[in-house]
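Here the structure comes first, spelled out in structure tokens, and everything after it is commentary.
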Amino acid sequence: GRRRAVGGWAGRAMLAHGDDPVHGPDSSTIKRGLNFIVTRQNKTTGYIGTTMYNHGFATLALAQAYAMSPKSPRGRRIERALRLAIDRIETSQGAEGGWYYGPERSLQHEGSVTIALVQALRAARNSGLRVNPETIAEAIEYVRRSQGEDGAFHYAIGHEQTSVALTAAAISTLNATGIYSGKEVLQGYDSIQRELTARESAPLSLQTPAFPLYERLYLAQAYWQHPDQTLFERWFQAEREHLLTTQEPSGAWTDPRFGSTYATSVNAIVLALPEGLLPIFQR
């Protein structure tokens, strides 16, 4: 399951830099990656992977690839897989409007899984596939209810844990449903700025976030959609310099918990974001 999720990340990284399954020096690699995801989908349930978190990333990769070549034989094959994957997302939405790790309806729910699945649905809808509007409406309400009075978004409804990464991811989720402004979005941005400012004066041991790759990915997306584009430009300039100085001679970045393929894919996606080639990131 994790291989399918990482495969989805790697495929998106290549797509983000302008290649597709037909064109570009990485086209054959992208084709193999997409085939790997599609052939391992459960054709009865539509499930891809071992968690709905993996399912969301794999579905998002398929949707981005489909958007680039929908009329080809490969595009039609991806479309069939996408329709099954979308149905699995819709039927596994929980009573609270969020999702949990299993591929079925549950009373449990959490924000990071919900974020991954909402972005997958947005990408699929942008590609021309039908997504149930009630599913999106319930997901929006779930995200809104997970916001605290200080503007920060929590790990889940009723859960105390919050962070810059979770708030940025929640803003990105709202963006994915077409919400780019409003009280909850502005308060979320304010919360991020307060936390980042406070971090600058914190002890060095507390300045590194718990999940730096996750935070970088969703901060990039949240800032990219911010009405004041200079906010993204200032953040991106500093982040780009950091990434270029920490890249290994092989071209990779490493991560002790999730491996270099995941780290390299996420960082490559962030660096490619200003190019605007990946449909899900277009303003």
Taking His109 for the side chain and Gly97 for the main chain, is one N or O donor matched with an acceptor at less than 3.5 Å? no
> Do the side chain of Thr167 and the main chain of Phe153 share a donor and acceptor less than 3.5 angstrom apart?
Replying inline: yes
Side chain to side chain, Tyr100 and Val113, heavy atoms closer than 4.5 Å:
no
Have Arg77 and Asn35 got a donor and an acceptor in their side chains that come within less than 3.5 Å?
yes
Requested in this report: Look at the aromatic rings of Tyr223 and Tyr189 and report parallel, tilted or perpendicular, splitting at 30° and 60°.
Outcome: parallel
For Ala252 and Thr264, the nearest pair of non-hydrogen atoms, with its separation, is CA-OG1, 3.4 Å
message = More than 12 heavy atoms of other residues, nucleotides or ligands under 6.0 Å from CG of Leu244: yes or no?
response = yes
Taken to the nearest 0.5 Å, the spacing of Arg240 CZ from Leu271 CG works out to 7.0 Å
Next on the checklist: Could you tell me if the side chain of Leu231 sits less than 4.5 Å from the side chain of Gln193, heavy atoms only?
Outcome noted: yes
One should read off an interatomic distance between Thr173 OG1 and Ile115 CD1, to the nearest 0.5 angstrom, of 4.0 Å
CE (Met52) and NE2 (His55) are apart, to the nearest 0.5 Å, by 4.5 Å
Check your understanding: So, are Glu215 and Arg199 salt-bridged, with charged N and O less than 4.0 Å apart?
Key -> yes
Practice task
Look at the side-chain heavy atoms of Ile, Leu, Val, Met, Phe, Trp and Tyr, link any pair under 4.5 Å apart, and say whether Leu84 and Tyr53 land in one connected group.
Solution key: no
I'd like to know if the side chain of Asn132 reaches the main chain of Ile136, judged simply by a donor and an acceptor atom lying under 3.5 Å from each other, with no hydrogens or angles considered.
no
- Donor-acceptor contact present, side-chain Gln41 to main-chain Gly46, <3.5 Å: yes
Quiz item: Can Leu186 be reached from Ile140 by stepping across I, L, V, M, F, W or Y side chains whose heavy atoms are under 4.5 Å apart?
Solution: no
Heavy-atom closest pair (Trp224 atom, Pro274 atom, distance to 0.1 Å) is CH2-CA, 3.6 Å
Heavy-atom closest pair (Ser172 atom, Gln119 atom, distance to 0.1 Å) is CB-NE2, 3.8 Å
So CH2 of Trp235 and NE2 of His226: to nearest 0.5 Å the spacing works out to 14.0 Å
Taken to the nearest 0.5 Å, the spacing of Gln108 CD from Glu96 CD works out to 12.0 Å
Quiz item: Is the number of heavy atoms from other residues, nucleotides or ligands under 6.0 Å of Glu134 CD greater than 12?
Solution: no
One should read off an interatomic distance between Arg234 CZ and Thr230 OG1, to the nearest 0.5 angstrom, of 4.5 Å
Return the orientation label for the Phe236 and Phe232 ring planes: parallel under 30°, perpendicular over 60°, tilted otherwise. parallel
Spell out, as yes or no, whether a donor-acceptor pair under 3.5 Å connects the side chain of Arg144 to the backbone of Glu184. no
Report task. Ignoring hydrogens and angles, tell me if any N or O in the side chain of His154 forms a donor-acceptor pair with the backbone of Glu160 under 3.5 Å. Result -> yes
- Got Val143 and Thr177 here, is their nearest side-chain heavy-atom distance under 4.5 Å? no
Here the pair of heavy atoms bringing Gly98 nearest to Thr114 is CA-OG1, 3.5 Å
For Ser265 and Thr261 the tightest heavy-atom approach is OG-O, 2.7 Å
Gln237 atom CD, over 12 foreign heavy atoms within 6.0 Å
no
Margin query: Given 3.5 Å as the limit, does a donor-acceptor pair link the side chain of Gln93 with the main chain of Thr135, or not?
Written below: yes
- Query: Looking just at side-chain N and O atoms, do Glu110 and Ser112 make a donor-acceptor pair shorter than 3.5 Å?
  - Reply: yes
Quiz item: Sub-3.5 Å donor-acceptor pair from the side chain of Ser92 to the main-chain atoms of Arg105, do we have one?
Solution: no
All heavy atoms of Asp255 vs all of Ala263, minimum pair found to be CB-CB, 3.9 Å
- Without swapping roles, check the side chain of Tyr218 against the backbone of Gln221 for a donor-acceptor pair under 3.5 Å. no
Residues passing the side-chain contact (heavy atoms from CB on, under 4.5 Å) test with Asp150, sequence neighbours excluded, are Ala152, Arg194
Any side-chain to backbone donor/acceptor pair from Ser127 onto Leu129? Under 3.5 Å, distance only.
no
*Would you mind reporting whether Arg257 and Tyr262 have side-chain heavy atoms less than 4.5 Å apart?*
no
Do the non-hydrogen side-chain atoms of Leu243 and Arg216 ever get within less than 4.5 Å of each other? yes
- prompt: Does the side chain of Thr91 pick up a donor-acceptor pair with the side chain of Asp87 at under 3.5 Å?
  reply: no
